[in-house]
Amino acid sequence: MLKLKDTLTGKLQDFQPLEGNHVRMYACGPTVYDFAHIGNFRTYVYEDILRRWLKFKGYQLTHVMNITDVDDKTIRDSKAKELAQLRAYTERYARCFFEDCMALSIERPDKVVNATDHIPDMVHLIQKLVESGHAYKKDDSYYFKISTYPKYGQLAKLDFDGMKIGASVDIDEYEKEDVRDFALWKAPKDEEPFWDTPIGKGRPGWHIECSAMSMHYLGASFDIHCGAVDNIFPHHENEIAQSECATGKPFVRLWLHGEHLMVNGEKMSKSKGNFFTLRDLLGKGDSPRAIRYTLSSVPYRKPLNFTSESVQQAQSAIGRLEEFLLRFETDTFPEGVNERVEEACRTARDKFVAGLDDDLNTAGALGAIFEFVRQGNTAIGEGSLCQGNVASISTLFDDFQAIFPVLKDPTRQILDSQIEALIAERNQARRERNFKKADEIRDQLLAQGIILEDTRAGLRWKRKE
RNA sequence: GGCGGCGUAGCCAAGUGGUAAGGCAGAAGUCUGCAAAACUUCUAUUCACCCGUUCGAUUCGGGUCGCCGCCUCCA
């Protein structure tokens with residue numbers, strides 16, 4: 001049974017979709033004004049693990065992600081005066097975002113939707129809120145009236161009565177009735193792109209897009225809404241207010257929020273300027289698989305301190321798994337079945353499943369796999385691993401790879417004939433105990449990125465990373 | 001000021017009211033022409049600290065200290 005922790009109730013809950021076997025899930029996507037940084041990708045990686053795990057469990061999944069392609073920052077950085085300019089600017093970064101996702105083996109959500117393609121949905125939602133008295137118009141902008149929604153603050157656990165609001169009032173150019181009221185629709189400013197709609201000219205506020213689009217694709221009530229902790233307030237708090245006031249129905253069943261990625265013990269964020277992008281890391285030689293592993297290795301509800309050392313450790317850990325698989329694929333095994341290995345395999349699988357079922361405890365799931373690797377290595381070493389064990393081990397690693405896609409493509413790489421000839425020549429030299437020549441050939445191949453290992457089962461080779 | 005979270009070996013980190021998974025790094029040994037890999041053993045009598053509940057607490061309750069986040073745009 002999959003259990004997930006819900007931010008709203010703070011409790012671990014048995015997961016059960018609202019409608020049969022169908023899971024409807026919405027994930028807050030990027031604001032495409034710049035490259036996403038590695039902290040952003042921590043969130044997308046945990047969402048991808050959730051996505052993969054739900055599918056693994058046999059659920060039918062509809063996973064929607066938005067692209068915020070209009071907001072203060074996209075307008076500011078694009079310097080766009082018209083919508084077409086804005087679109088051209090944001091499309092570039094959206095493209096880069098999905099390139100980065102692909103590098104990290106983050107699957108594309110079933111639906112990726114742009115805010116600017118859903119202005120009518122947002123306008124319609126604002127109209128409903130105005131009609132029902134939850135929103136008002138002021139100076140051609142529209143605001144949500146928080147006093148009409150007593151539960152406001154429930155998600156972020158904010159108690160506004162005991163709070164000194166004055167301390168955090170921003171210098172907003174828009175006039176609001178209550179400082180806490182937030183913009184649904186912003187009146188056009190000079191030289192900025194805008195839409196001409198039934199509620200007037202202007203552009204949407206940030207929060208309204210997610211309410212409009214999630215409900216458009218997933219219905220007034222759906223199963224899972226995920227993001228990172230810094231979406232809790234105000235973004236998701238506002239989404240709940242808007243959505244529930246507009247429909248009168250409960251908005252989301254389960255709120256999932258990933259913790260931050262830290263750098264030197266501090267939250268990495270664009271506004272702090274202490275961020276690096278995936279491109280930065282790849283540029284200095286980190287492998288995308290090691291980065292993905294690092295981002296997956298700490299359960300999503302715990303802060304993750306990201307350092308170059310943690311990426312190194314991840315690379316070594318992956319290496320251990322791949323060494324095992326290489327042995328597993330290249331050695332030959334006696335006939336029969338080793339029941340102890342089968343048992344170890346079952347145990348590992350049970351622990352793997354139990355870990356992920358426990359609010360995506362990735363660290364626990366990884367531990368189960370490594371425990372098996374040691375047992376498998378021991379069995380291979382003493383020659384007790386049998387042909388009859390191959391199938392269950394393969395399945396275990398297929399399942400692992402389905403959730404943690406960090407292993408190299410298992411299809412064996414082809415050696416070119418020249419390299420094969422050198423290997424044959426070295427084998428001959430070794431038989432003749434001409435170790436000097438054998439070592440020269442080994443060094444020569446190493447220079448070409450081919451690592452040779454002599455094992456009891458014969459020569460084994462692999463490519464250097 | 002209010003709210004929330006965290007503090008487990010050199011580093012990363014799981015976990016439970018009954019006596020500490022796993023990974024990385026390190027040491028010794030086995031294997032080996034050497035190398036690599038693998039395996040074995042070792043590396044926290046102890047889970048920030050102090051009280052309390054309990055037969056028993058790292059795990060529950062209270063307090064102290066430290067760190068982080070949110071209350072403003074941010075994954």
Side-chain angles (χ1 to χ4, degrees), chain A residues 7 10 27-31 36-47 71-73 153 156-165 167-172 179-180 206 226-235 237 257-262 265-272 275 293-294 297-299 301-307 309-310 312-321 323-324 326-327 351 355 358 361-382 430 433-436 438-439 442-443 446 451-456 460-462:
Chain A
T7 305
C28 281
T31 301
H37 59 65
I38 197 70
N40 300 126
F41 284 113
R42 185 200 183 181
T43 300
Y44 301 119
V45 164
Y46 103 72
E47 290 167 353
D71 80 320
D72 293 342
K73 292 184 292 271
K157 317 270 187 286
L158 295 178
D159 175 14
F160 290 96
D161 292 338
M163 236 158 75
K164 42 172 191 178
I165 293 163
S168 62
V169 176
D170 58 335
I171 312 119
D172 200 319
V179 285
R180 296 176 301 150
W206 175 34
C226 39
V229 286
D230 51 9
N231 287 140
I232 295 174
F233 194 89
H235 187 50
E237 191 71 59
H257 293 99
E259 257 296 343
H260 282 304
L261 183 145
M262 321 282 283
E266 258 196 333
K267 165 184 169 183
M268 175 192 288
S269 72
K270 283 182 181 170
S271 52
K272 280 192 176 160
F275 72 96
Y293 185 103
T294 306
S297 61
V298 179
R301 289 227 178 228
K302 295 239 177 161
L304 185 160
N305 198 20
F306 191 89
T307 62
E309 197 190 355
S310 59
Q312 272 313 309
Q313 293 185 351
Q315 186 69 60
S316 299
I318 293 170
R320 181 168 163 81
L321 297 176
E323 282 298 337
F324 171 75
L326 189 63
R327 274 182 97 180
K351 284 188 181 172
D358 180 20
N361 183 347
T362 48
L366 289 170
I369 296 299
F370 281 99
E371 214 172 328
F372 175 79
V373 165
R374 195 191 62 245
Q375 293 165 320
N377 268 322
T378 303
I380 292 177
E382 66 190 23
R430 288 189 72 223
R433 303 192 71 77
N434 183 351
F435 296 120
K436 186 164 180 287
D439 289 349
R442 185 166 65 193
D443 290 344
L446 184 62
I451 297 169
L452 300 187
E453 293 175 359
D454 299 307
T455 72
R456 202 181 302 170
R460 210 171 68 182
W461 66 274
K462 60 187 177 185

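What you see is a predicted model, and the numbers here were worked out from it, not measured in a lab. So you know, we letter chains A, B, ... as the sequences are listed, proteins then strands, and number each from 1.
- Here the separation of B/G33 from B/A44, taken at their P atoms, is 36 Å to the nearest Å.
- Here, B/U53 and B/A38 have their C1' atoms 49 Å apart, quoted to the whole Å.
- As a whole-Å value, the separation of A/I232 CD1 from B/G69 P is 15 Å.
- The partner of B/C34 cannot be assigned: no Watson-Crick or G-U wobble pair with both contacts below 3.5 Å exists in any strand.
- Distance check on atom P: B/G29 versus B/C34 gives 14 Å, rounded to whole Å.
- Spacing of P atoms, B/A20 relative to B/G62, comes out at 27 Å, to the nearest Å.
- Comparing B/G69 with B/C50, their P atoms are spaced 28 Å from each other, to the whole Å.
- Within the 4.0 angstrom heavy-atom criterion, no nucleotide atom of any strand lies near A/H235.
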Going 5' to 3' through nucleotides 22-35 of chain B and flagging B where a protein heavy-atom sits under 4.0 Å of the base, S where only the sugar-phosphate is that close, and - otherwise, we get SBBS-------BBB
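- Contacts of A/H37 classified as ring-ring contact (aromatic ring centres under 6.0 Å, His included), with partners at least two apart in sequence or in another chain: A/F275.
- Here A/K267 lies in heavy-atom contact (under 4.0 Å) with a base.
- Here, B/A35 and B/A21 have their P atoms 33 Å apart, quoted to the whole Å.
- A straight line from CZ of A/F41 to C1' of B/A75 spans 10 Å, rounded to a whole angstrom.
- One distance of note links CG of A/L452 with CG of A/D443; it measures 9.5 Å at 0.5 Å rounding.
- Taking the P atom of each, B/G52 and B/U45 are spaced 24 Å apart, rounded to whole Å.
- Within 4.0 Å of A/G258, counting heavy atoms only, lies no atom of the nucleic acid at all.
- In the set B/C73, B/A75, B/C3, B/A75 carries the atom at the smallest distance from any side-chain atom of A/T31.
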Yes or no on side-chain contact (heavy atoms from CB on, under 4.5 Å) for A/V229 and A/H260, after CA distance, side-chain angles and deciding distance? CA-CA 7 Å; A/V229 286; A/H260 282 304; 3.3 Å; yes
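- Within the shown strands, nothing qualifies as a pairing partner of B/U46 under the Watson-Crick or G-U definition with both distances less than 3.5 Å.
- The CE atom of A/M268 sits 15 Å away from the C1' atom of B/C68 (whole-angstrom rounding).
- Each of A/G319 and A/C28 lies near RNA chain B, and the nucleotide nearest A/G319 is the one positioned closer to the 5' end.
- Residues satisfying the side chain to side chain contact (heavy atoms under 4.5 Å, CB included) criterion with A/T378, sequence neighbours excluded, are A/E382.
- Residues passing the side chain to side chain contact (heavy atoms under 4.5 Å, CB included) test with A/E237, sequence neighbours excluded: A/Y152, A/Q154, A/L155, A/A156, A/F233.
- Of the two residues contacting RNA chain B, namely A/A156 and A/R460, the nearest-nucleotide position lying further toward the 5' end is that of A/A156.
- Distance CD1/A/I369 to CZ/A/F324: 10.0 Å, rounded to 0.5 Å.
- Pairing for B/A13 is absent, with no Watson-Crick or G-U wobble pair whose two atom distances lie under 3.5 Å.
- Base pairing analysis places B/U72 opposite nothing; no Watson-Crick or G-U wobble pair with both distances below 3.5 Å involves it.
- Looking at residues two or more places apart in sequence or on another chain, you find a side chain to side chain contact (heavy atoms under 4.5 Å, CB included) between A/R327 and A/N377, A/I380, A/R460.
- Protein atom NE2 of A/H37 is 16 Å distant from nucleotide atom P of B/C73, rounded to whole Å.
- In this structure, A/M262 reaches the sugar-phosphate backbone alone: every heavy-atom distance under 4.0 Å involves primed, P, OP1 or OP2 atoms, never a base.
- What you find for A/V298 and A/R42 is that their closest heavy atoms are O-NH2, 3.3 Å.
- Here A/D71 pairs with A/K73 under the salt bridge (Lys or Arg N to Asp or Glu O under 4.0 Å) rule; sequence neighbours left out.
- A/D439 pairs by the salt bridge (Lys or Arg N to Asp or Glu O under 4.0 Å) definition with A/R442, not counting sequence neighbours.
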Polar atom pairs (N or O), protein with nucleotides 13-15 of chain B, under 3.5 Å:
| from | atom 1 | to | atom 2 | distance (Å) |
| --- | --- | --- | --- | --- |
| B/A14 | O3' | A/N361 | ND2 | 2.7 |
| B/G15 | OP1 | A/N361 | ND2 | 2.7 |

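- We find that CD of A/E259 is positioned 16 Å from P of B/C12, with the value rounded to whole Å.
- Pairing for B/U58 is absent, judged as Watson-Crick or G-U wobble with the two contacts each under 3.5 Å.
- Atom C1' of nucleotide B/A36 and atom CZ of A/R327 are separated by 12 Å, given to the nearest angstrom.
- In this structure, A/Y293 has no ring-ring contact (aromatic ring centres under 6.0 Å, His included) partners at least two apart in sequence or on a different chain.
- With a cut-off of 3.5 Å on both Watson-Crick or G-U wobble distances, the partner of B/G29 is given as B/C39.
- Between the C1' atom of B/C12 and the CD1 atom of A/I318 lies a distance of 14 Å, rounded to the nearest Å.
- Counting any heavy atom pair closer than 4.0 Å across all strands shown, A/P234 reaches sugar-phosphate atoms only and no base atom.
- Separating the CG atom of A/N231 from the C1' atom of B/C71 is a distance of 15 Å, rounded to the nearest angstrom.
- For the P atoms, the distance linking B/C39 with B/A48 amounts to 31 Å, nearest Å.
- Atom CG of A/N361 sits about 13.0 Å away from atom CZ of A/R301, to the nearest 0.5 Å.
- Nucleotide B/U19 forms no Watson-Crick or G-U wobble pair with any nucleotide shown, as no partner meets the under 3.5 Å limit on both distances.
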